Student: 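Here it is: the structure, laid out below.
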Amino acid sequence: MAAVVAAAGVSAVTTAPAHASPPLNVYVGNNCGMYPQDCDGNDMVGGGLYLFYHSRTGSAQFPTGSNAVFYGDVYNYASDTGQVGERTYVYHYEFFAGKGEGSGEPVKNNAAAAVSCSTVTRDDYRIYYNSGYTGHSQEFDAAYYCLDAPAINLDSTLTNENASQHWA
């Protein structure tokens, strides 16, 4: 058989399959890795939805404890996958580490209040019960400047049962 292959001028070359680097897990309190053009540090440039670990109580404008901030649509508050060059990243969303109670906890099914901030008109957001923008939802109207409007508690169905967000 080798003589037949050699006579035909065909050579058999075996190469090891190329292995891509395994995905890199990153734990973050925002989705700036998915939308770097819209982020300036940890703040959203074009408008973001701030989620809070605790509910707003009494006359306080914002809840105590940790928060997370997202720009645009988030299909699943648990995680998202992005590509930077040849590297695949899995962003696991959690409340900002070191920012009070709830710090480091997963965002999915742990938020209790939200405020929609915007530097452009009508960046309203809708938070959904399920991943993929399905199930019961609640809309949050955009405040041009975050300090203009207090955080709003999620309704009783969504408090600690929230999985995605979409621009309304």
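What you see is a predicted model; the values in this text were computed from it and never measured. Index from 1, following the sequence. Heavy-atom basis, side chains included; hydrogens, waters and symmetry copies ignored.
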Student: What distance do N67 atom CG and L49 atom CG have between them, rounded to the nearest 0.5 Å?
Tutor: 10.5 Å
Student: Is a donor on one side and an acceptor on the other found under 3.5 Å between the side chain of S164 and the backbone of N76?
Tutor: no
Student: How about H92 and V28: do any of their side-chain heavy atoms sit closer than 4.5 Å?
Tutor: no
Student: Say you draw a straight line from CD of E94 to CG of N30; how long is it, rounded to the nearest 0.5 Å?
Tutor: 11.0 Å
Student: Does Y93 reach the side chain of V74, with side-chain heavy atoms less than 4.5 Å apart?
Tutor: yes
Student: Transitively linked via ILVMFWY side-chain contacts under 4.5 Å: V107 with V26?
Tutor: yes
Student: Give the intermediate values and the outcome of side chain to side chain contact (heavy atoms under 4.5 Å, CB included) for residues T81 and Y91.
Tutor: CA-CA 6 Å; T81 302; Y91 299 99; over 6 Å; no
Student: Quick one: does Y89's side chain get under 4.5 Å of Q83's, heavy atoms only?
Tutor: no
Student: Should I152 and Q138 count as side-chain neighbours, where that means a heavy-atom distance under 4.5 Å?
Tutor: yes
Student: Are any side-chain N or O atoms of R87 and backbone N or O atoms of P22, one a donor and one an acceptor, separated by less than 3.5 Å?
Tutor: yes
Student: Among residues at least two apart in sequence or on other chains, which ones pass side-chain hydrogen bond (donor to acceptor under 3.5 Å, both in side chains) with D155?
Tutor: H136
Student: Rounded to the nearest 0.5 Å, what separation is found between the CG atom of N109 and the OG1 atom of T159?
Tutor: 11.5 Å
Student: Closest approach of V115 and P150, non-hydrogen atoms and distance?
Tutor: CG2-O, 4.0 Å
Student: Tell me the closest heavy-atom pair linking Y77 and Q165, and the distance in Å.
Tutor: OH-OE1, 2.8 Å
Student: Does any N or O in the side chain of N153 come within less than 3.5 Å of the main-chain N or O of S55, such that one atom is a donor and the other an acceptor?
Tutor: no
Student: How about Y53 and T64: do any of their side-chain heavy atoms sit closer than 4.5 Å?
Tutor: no
Student: May I ask you to decide if F96's main-chain N or O and S103's side chain share a donor-acceptor pair within less than 3.5 Å?
Tutor: yes
Student: Nearest 0.5 Å, what's the CG-CD distance between L154 and E161?
Tutor: 11.0 Å
Student: What's the shortest heavy-atom distance between F62 and F52, and which atoms?
Tutor: CD2-CZ, 3.8 Å
Student: What's the verdict on side chain to side chain contact (heavy atoms under 4.5 Å, CB included) for D141 and E139, showing C-alpha distance, side-chain angles and the deciding distance?
Tutor: CA-CA 6 Å; D141 294 334; E139 187 168 339; 3.7 Å; yes
Student: Between S116 and F140, which heavy-atom pair has the shortest distance, and what is it?
Tutor: CB-O, 3.7 Å
Student: Assess whether side chain to side chain contact (heavy atoms under 4.5 Å, CB included) is satisfied between S79 and V90, documenting all intermediate values.
Tutor: CA-CA 7 Å; S79 65; V90 179; 4.2 Å; yes
Student: Is Y128 isolated, or which residues cluster with it under the ILVMFWY side-chain rule of less than 4.5 Å, directly or via members?
Tutor: Y75, Y133
Student: Looking at every heavy atom in both S66 and G102, which two are closest together, and how far apart are they?
Tutor: CB-C, 3.9 Å
Student: For a side chain to side chain contact (heavy atoms under 4.5 Å, CB included) check, start with the C-alpha distance between N162 and L51, then their side-chain angles and the critical distance, and finish with the verdict.
Tutor: CA-CA 10 Å; N162 36 72; L51 296 172; 5.7 Å; no
Student: Would you say the ring centers of Y125 and F70 fall short of 6.0 Å from each other?
Tutor: no
Student: Write down the atom of G65, the atom of H54, and the distance for their closest heavy-atom approach.
Tutor: CA-CD2, 4.1 Å
